[in-house]
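This one's a predicted model, so the numbers in the text were calculated from it and none came from an experiment. Chain letters run A, B, ... following the sequence lines, proteins first, then strands; residues in each count from 1. Hydrogens, waters and symmetry mates are skipped; everything else that's a heavy atom, side chains included, is used.
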Amino acid sequence: MEEINVILPDGSVKKVPAGTTVEELARSIGPGLARDAVAARFDGRLIGLNEPLNHGGHITILTFDDPEGREVYRHSAAHVMASAVKRLYPDARLGIGPAIEDGFYYDFEIDEPLTPDHLERIEETMREIVEEDIPFECMPLEQDEALDLFAELDEQYKQELIREMEEQGVTAYRHGEFVDLCRGPHLPSTGRLRAFKLLSVAGAYWRGDEGRPQLQRIYGTAFDSQAALDAHLERLEQARKRDHRRVGKTLDLYSIHEEGGPGLIYWHPKGSVVRGEIEDFWRVAHRDRGYDIVYSPHIAKKDLWATSGHLDTFQDSMFGAMEVDGVEYILKPMNCPFHILMYKESTRSYRDLPMRWAEMGTVYRYERSGALHGLLRVRGFTQDDAHIFCRPDQVEDEVIEVVRLAQYMLSVFGYTDYEIVLSVHDELQPDKYIGTPETWQEAEAKLARSLDRMGLAYETDVGEAKFYGPAIDIKMLDALGRAWQGPTIQLDFNLPERFDLEYAGEDGQIHRPVMIHRTVLGSMERFFGGLIEHYGGAFPTWLAPVQVVVIPITDDHLEYARDIQRDYRAHGIRVEVDDRNEKVGYKIRNAEVEKVPHMLVVGDREVEAETVSVRSRGHGERGNMDYRDFQSEVLEEIENRTG
RNA sequence: GCUGACGUAGCUCAGUGGUAGAGCGCGUCCUUGGUAAGGACGAGGCCACGGGUUCAAUCCCCGUCGUCAGCUCCA
């Protein structure tokens, strides 16, 4: 038989008979690999384990540890789920069912609404299908054959997909009685699935279009071992424990009230301390970088929003008008027109530019009720906004300075990793934007050049630009590796045009300035929500609502405890005395649960020696220290924002 | 906004067609205890709101509001 050479990832060459399957190849390399293999990449093409190798080439055998292997594995799990659903609900119509990050989903049209009980039954049926170990078979079909097949199966959504396919021929995959339109590849058989779980069910519009039918989407996940699945579920549980809505409640940071209206945040004293610290820090950081800090009103006449273009492109997000003296006013959804009015207050010279105006500006936006989410998606929020008015030749440098500021601010809050996205306009949806194609291209090019000059890697997202200009969006990764929308830097040639902004150039002529809209934290609400989860509620000392708790052992030590409180407080430390009639252990537990950074236990020994017995979050008992020495330590920790 | 689930004490949650329970928290008292929960007693509920069915509704049905999981949309 003819022999072929397959080249493995390490460069070694393996000689095998032509027609050897990937699985056989894996077995010849080692039993471990044979056991874990799920698919392979052969000369750039993703193939299944059953596929015979008919010619030589480069091969990488993929396991669950490879992202692509994971995708194949979970996609097969989605098929198994779909076949289970069809067994239980033969009338169910199939939508699509891809693998996604951390799992998979499948969309179905089923008359009966699915509940968690249904999921259990589906999961049970999936286990049966896995037990039956049914082989996955690939079926290459011509377009019209496929159409006939799915017409016969009464799968209208699949038919729609086939009709829109441009390439010649399609493939379907079959296991047992179940057939699905699918590019593949798949696991060799259903028995290869080792661990899976269905997680939730929710509505999802067919093809993401609100105007089309809503299907029922079942989410699930699959892993190559029960242990890995358990670990993943444990991670979900850990994330749930950090949920800012839960932590915000237990730590008494903020609330939302049905009586007051959804999406409106009430900052409690403790949450307000954190916010105040963030704002103080923010102000200093901005003044240091040449920003002026301004304030502006909350409402303005409707005409202003017509001039800015908000009425045309942002109206769906704006609260309705209120009438004052026969004139309509609108609650501000953005701060920019206000800063623009201030800019126009006097004639500006090129010497004045750049002008950097920053404002903690509270804005209101109408968000659809289903979009609201804790602190992350609200209807009233305070942006750490700023507008930089500059000359065209200053844009790139200004953008770079903003990115640097953002990097600095994020690092202070412990966000060391982030992803940068260049959000550009979508030429196919011109009515989403104001301005001409030329100005858009110029603006997008300037942003890209700034990033290039900094040597920063970024992705480009088409259609993610604001209505007035493109943006650099920075997504910060938190302690659990999740991405949060953070700083955004938006370039705007359009509003200066609409408001006819001017400055006198060195040449004595009138010129048009450029505006940079930017936030480095986003909004106080969203940033705070992210921060709560990032730290799991255990704020570093400089942000902690209570920095030190003094714990007297008995009432005899109360006076000393209060002396310490007075002294620490006079030095600006947020310190409380736990004077309740409880035992030390109880008070310590309480302070631990509230994630107070430092506890000072004081009893006879401490009163005698003017010391404190220190217990710090994450360190446990640290022994006795002079109370003034420890105070210096805390002050240093706050000053340096460590700890 | 859409689909589904949910809404019971301050919080987390049980529960039943015959007007309600636990733990934590809160209050009072006892206790003065050395590094993650001492004990006793007590207060606290229009069972989200509005209709309907029923002799009787917290429970069943409808609607409204809100929350949650998503979809869609965003700082």
Quick note, A:Arg589 side chain, CB onward, closest among B:rA69, B:rA37, B:rG66 is B:rA37
| field | Residue-phosphate contact under 4.0 Å: A:Thr115 side-chain N/O, B:rG4 OP1/OP2 | value | no
Of the candidates B:rG33, B:rA36, B:rA75, the side chain of A:Phe381 sits closest to B:rA75
With the side chain defined as heavy atoms from C-beta on, A:Arg245 is closest, among B:rG1, B:rC68, B:rA75, to B:rC68
Note to self: Just to be sure I understand the rule, does A:Glu606 reach a base, reach only the sugar-phosphate, or reach nothing, if contact means heavy atoms closer than 4.0 Å?
What the structure shows: base
task: Show your working on side chain to side chain donor-acceptor pair (under 3.5 Å) between A:Gln490 and A:Thr488 and close with a plain yes or no.
output: CA-CA 6 Å; A:Gln490 303 154 5; A:Thr488 174; 3.1 Å; yes
From the candidates B:rC68, B:rG66, B:rC2, the one with an atom nearest any side-chain atom of A:Gln214 is B:rC2
- Query: Is A:Ser200 side chain donor-acceptor paired with the B:rA69 base, going by distance under 3.5 Å alone?
  - Reply: no
Atom CZ of A:Arg526 and atom P of B:rC74 are separated, to the nearest Å, by 11 Å
* Determine the Euclidean distance between corresponding C1' atoms of B:rG7 and B:rA14; express it in Å to zero decimal places. => 15 Å
To the nearest angstrom, the CG-C1' distance between A:Asn590 and B:rA36 comes to 10 Å
Evaluate the side chain to side chain donor-acceptor pair (under 3.5 Å) criterion for residues A:Tyr458 and A:Glu419: first the C-alpha distance (whole Å), next the side-chain angles of each, then the deciding distance (0.1 Å), finally the verdict. CA-CA 7 Å; A:Tyr458 60 90; A:Glu419 292 165 355; over 6 Å; no
By the Watson-Crick or G-U definition, both distances under 3.5 Å, B:rA37 is matched with none
Out of B:rG66, B:rG70, B:rU32, minimum distance to the side chain of A:Glu258 belongs to B:rG66
Assign A:Tyr219 to base, sugar-phosphate, or nothing according to its heavy-atom contacts below 4.0 angstrom with the strands shown. sugar-phosphate
Exercise. For the side chain of A:Glu367 and the base of B:rC74, is some donor closer than 3.5 Å to an acceptor across the two?
Worked result: no
Is the A:Phe314 ring parallel, tilted or perpendicular to the A:His310 ring (thresholds 30°, 60°)?
perpendicular
Exercise for review: Remember a base hit wins even if backbone is also touched, and classify A:Glu592 as base, sugar-phosphate or nothing at under 4.0 Å, heavy atoms.
Suggested key: base
A:His373 atom NE2 is separated from B:rU72 atom C1', nearest whole Å, by 16 Å
Using Watson-Crick geometry (N1-N3 plus N6-O4 or O6-N4) or G-U wobble (N1-O2, O6-N3), each under 3.5 Å, B:rG23 is paired with B:rC11
Rounded to whole Å, CG of A:Asp316 lies from P of B:rU72 at a distance of 17 Å
Span that lies between the P atom of B:rC11 and that of B:rC26, in whole angstrom
14 Å
As its Watson-Crick or G-U partner within any shown strand, both distances under 3.5 Å, B:rC2 has B:rG70
Just to confirm, is there a sub-4.0 Å distance from OP1 or OP2 of B:rA36 to any side-chain nitrogen or oxygen of A:Arg615?
yes
- Dump the intermediate steps for side chain to side chain donor-acceptor pair (under 3.5 Å) on A:Glu112 and A:His118, then the final yes or no. CA-CA 10 Å; A:Glu112 186 181 352; A:His118 292 84; 2.8 Å; yes
query = Once the angle between the rings of A:His286 and A:Trp282 is folded into 0 to 90°, is it parallel (under 30°), tilted (30 to 60°) or perpendicular (over 60°)?
reply = tilted
Examine the base of B:rU72 for any acceptor or donor lying under 3.5 Å from a partner atom in the side chain of A:Arg368, and report the outcome as yes or no.
yes
Checklist entry - Can you tell if the side chain of A:Ile588 reaches within under 4.5 Å of the side chain of A:Glu592, non-hydrogen atoms only? => result yes
Pairing partner of B:rU58, by Watson-Crick or G-U wobble and under 3.5 Å for both distances, is none
Paired to B:rG63 by Watson-Crick or G-U wobble criteria (both distances under 3.5 Å) is B:rC49
**Residues, nucleotides or ligands: over 12 heavy atoms within 6.0 Å of A:Glu101 CD** = no
- When the C1' atoms of B:rA9 and B:rC62 are considered, how many whole Å apart are they? 29 Å
### Task
Begin from the C-alpha positions of A:His517 and A:Asp385 and carry the test side chain to side chain donor-acceptor pair (under 3.5 Å) through to its verdict.
CA-CA 7 Å; A:His517 309 238; A:Asp385 209 358; 5.9 Å; no
Rounded to whole Å, the CZ-P distance (A:Arg217 to B:rC68) equals 20 Å
Using Watson-Crick geometry (N1-N3 plus N6-O4 or O6-N4) or G-U wobble (N1-O2, O6-N3), each under 3.5 Å, B:rG17 is paired with none
Closest to the side chain of A:Val601, out of B:rC74, B:rG34, B:rU72, is B:rG34
> B:rG1 base to A:Tyr366 side chain: any donor-acceptor pair below 3.5 Å?
Replying inline: no
Legend entry - Full working for side chain to side chain contact (heavy atoms under 4.5 Å, CB included) between A:Phe528 and A:Phe381: CA-CA 11 Å; A:Phe528 186 41; A:Phe381 55 97; over 6 Å; no
Ordered by number, residues from residues 576-587 of chain A within less than 4.0 Å of RNA chain B (heavy atoms) are A:Arg580, A:Asn581, A:Glu582, A:Lys583, A:Val584, A:Gly585, A:Tyr586
When both distances are under 3.5 Å in a Watson-Crick or G-U wobble arrangement, the nucleotide paired with B:rU32 is none
Rounded to whole Å, the NZ-P distance (A:Lys332 to B:rA75) equals 17 Å
Taken to the nearest whole Å, CG/A:Asp107 to C1'/B:rC2 is 14 Å
Of the listed B:rG33, B:rA75, B:rU12, the closest approach to the A:Lys249 side chain comes from B:rU12
Of B:rC11, B:rG33, B:rA36, the nucleotide closest to the side chain of A:Ile588 is B:rA36
A:Tyr106 atom OH is separated from B:rG70 atom P, nearest whole Å, by 21 Å
Answer for the Watson-Crick or wobble partner of B:rA43, both distances under 3.5 Å, is none
- Check: A:Gln547 side chain, A:Ile573 main-chain N or O, donor-acceptor pair, under 3.5 Å: no
Out of B:rU32, B:rG34, B:rU67, minimum distance to the side chain of A:Asp604 belongs to B:rG34
